[in-house]
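Take a look at the structure set out below.
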Number of protein chains: 2
Amino acid sequence: MSDTKDKIVTLADHLVRTKGFNAFSYKDIADPMEIKNAAIHYHFPAKADLGICVIDNEIDKFRESVEKWRKLPEDKQLTKLVEVFHRHGTNGFICLMGSLAPDFETFTDPMKAKVQEMGNVIVSWITGCLENGRAGKRFHFEGEAYDRALLIITNLQSSLILSRVLGPSVFNRVSNRILKDLKP
Amino acid sequence: MSDTKDKIVTLADHLVRTKGFNAFSYKDIADPMEIKNAAIHYHFPAKADLGICVIDNEIDKFRESVEKWRKLPEDKQLTKLVEVFHRHGTNGFICLMGSLAPDFETFTDPMKAKVQEMGNVIVSWITGCLENGRAGKRFHFEGEAYDRALLIITNLQSSLILSRVLGPSVFNRVSNRILKDLKP
DNA sequence: AAAGATACTTACTTACCAGTAAGTATACAA
DNA sequence: TTGTATACTTACTGGTAAGTAAGTATCTTT
């Protein structure tokens, strides 16, 4: 990926997380980069193309991260995931799913499919992490691992959103409780 | 409130929950009501005025609901809250906080304050419900009631959002687990 | 050196959006 | 009956959005 294209995607990612997908325009990217909006259209003919690329980037980064954590015990792996969310939160960003899902109905079909893909990748990984962790006595919890994974991802996602409204302590309180509740 | 004004607010509420605040326009309200966009500006000079009214409406409805549940045992009160979220979800709507918070940074100061007010009202109520419920042995949980309230509201909020992406079973799985986990 | 691909800019179109100014119809009150 | 408030419509502005067509500079390949 060329330098310009890469910068466009990075800026778009930040804009989606801070302003929302429908609330930012190509001008918000073109001005700080000192290029014209047509230059962005050269790389991403339609805004949905840029959106899909931002999500694909996120899926790739997520897959790289979990691959790096593969040999850690499951409780450490989950702590790493929490740290990823925390890092986003301290920069004022929220997670991609949290910022995209509210505008979901306004998206094109290919972009909707891409959002769904990202959701499945993340939830599947957490489910596996919890299942393995329970089998290895590193986690204790009731019910299906998939259900617990949904609880955790919804906690992380929404606590970032709520932190913007009620203050940054929200995320710390929520993430600490998630990890404590899973202790055997 | 006049009939027209009331219909505008109701439609705006649905549009915020389905498309997001920045993604809907006065035309989306004017066309189905068969009025002109200037008629909406007569009642709500700026879009933020409409947004604030939608939130105020929601706060009022929430206060009326919890007042109605006042004499129920706390576990039943919490079940009622889950039912409110469930009703929204089955109509394809998400909760106001979930749809407004991602666009938070694009709002005017008065509207930001109103979103914060709504967040505080809901979290305070859940905290009180959990505290009283634990004191009366209807709930069992570790840690501070406020932390637990944050976990629950983030679960409910985000599971509605995720239901749109991953299917409606997400909300049912999450809400069932919330209530089971609190059983003494 | 010519041809072609890449990465843009210039200049534009079409469409929509929030918001406004001025006019109109209706109802009720003095 | 005249006046005034309410609840709009008509007709518009200024701004911004996504997107495009045509041209240009630069580098690479033949």
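Numbered from 1 within each chain, the chains take letters A, B, ... in sequence-line order.
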Decide whether a cation-pi geometry holds between A:Lys47 and A:Phe107; the criteria are a distance under 6.0 Å from NZ or CZ to the six-membered ring centre and an angle within 45° of the ring axis. no
Between C:dC8 (P) and A:Phe44 (CZ): distance, integer Å: 11 Å
With a cut-off of less than 4.0 Å, is there a side-chain N or O of B:Ser25 near OP1 or OP2 of C:dC16? no
Rounded to the nearest angstrom, tell me the gap between atom OH in A:Tyr42 and atom P in C:dT10. 17 Å
Contact under 4.0 Å: A:His43 side-chain N or O vs C:dT6 OP1/OP2: no
Nearest-Å distance for atom pair CD1/P, residues A:Ile8 and D:dA18: 13 Å
B:Tyr26 ring center within less than 6.0 Å of B:Phe44 ring center: no
Geometric cation-pi criterion, A:Lys19 with B:Phe104: 6.0 Å, 45°: no
Rounding to an integer number of Å, can you tell me how far A:Lys7 NZ sits from C:dC8 C1'? 14 Å
What is the separation between atom NZ on B:Lys47 and atom P on C:dA18, rounded to the nearest whole Å? 5 Å
Taking B:Phe141's backbone N and O only, do any of them form a donor-acceptor pair with B:Arg134's side chain (distance below 3.5 Å, no angle check)? yes
Kindly say if B:His41 contacts the phosphate of D:dC8, meaning a side-chain N or O under 4.0 Å from OP1 or OP2. no
Taking atom C1' of D:dC8 as reference, at what distance in whole Å does atom CD of B:Glu34 sit? 15 Å
In terms of side-chain heavy atoms, does A:Thr154 have a donor or acceptor partner in B:Ser158 at a distance below 3.5 Å? no
Under 4.0 angstrom between A:Thr4 side-chain N/O and C:dC8 OP1 or OP2: yes
Let me spell it out: for each of B:Asn37 and B:Ser2, pick the nucleotide of DNA chain D with the closest heavy atom. Which residue's pick is nearer the 5' end? B:Ser2
Without decimals, in angstroms, what is the distance between A:Tyr26 OH and C:dT10 P? 19 Å
Would you mind telling me which of C:dG19, C:dA21, C:dT9 lies closest to the side-chain atoms of A:Ala39? C:dT9
Expressed in angstrom and rounded to an integer, what is the separation of A:Ile29 atom CD1 from D:dT16 atom P? 17 Å
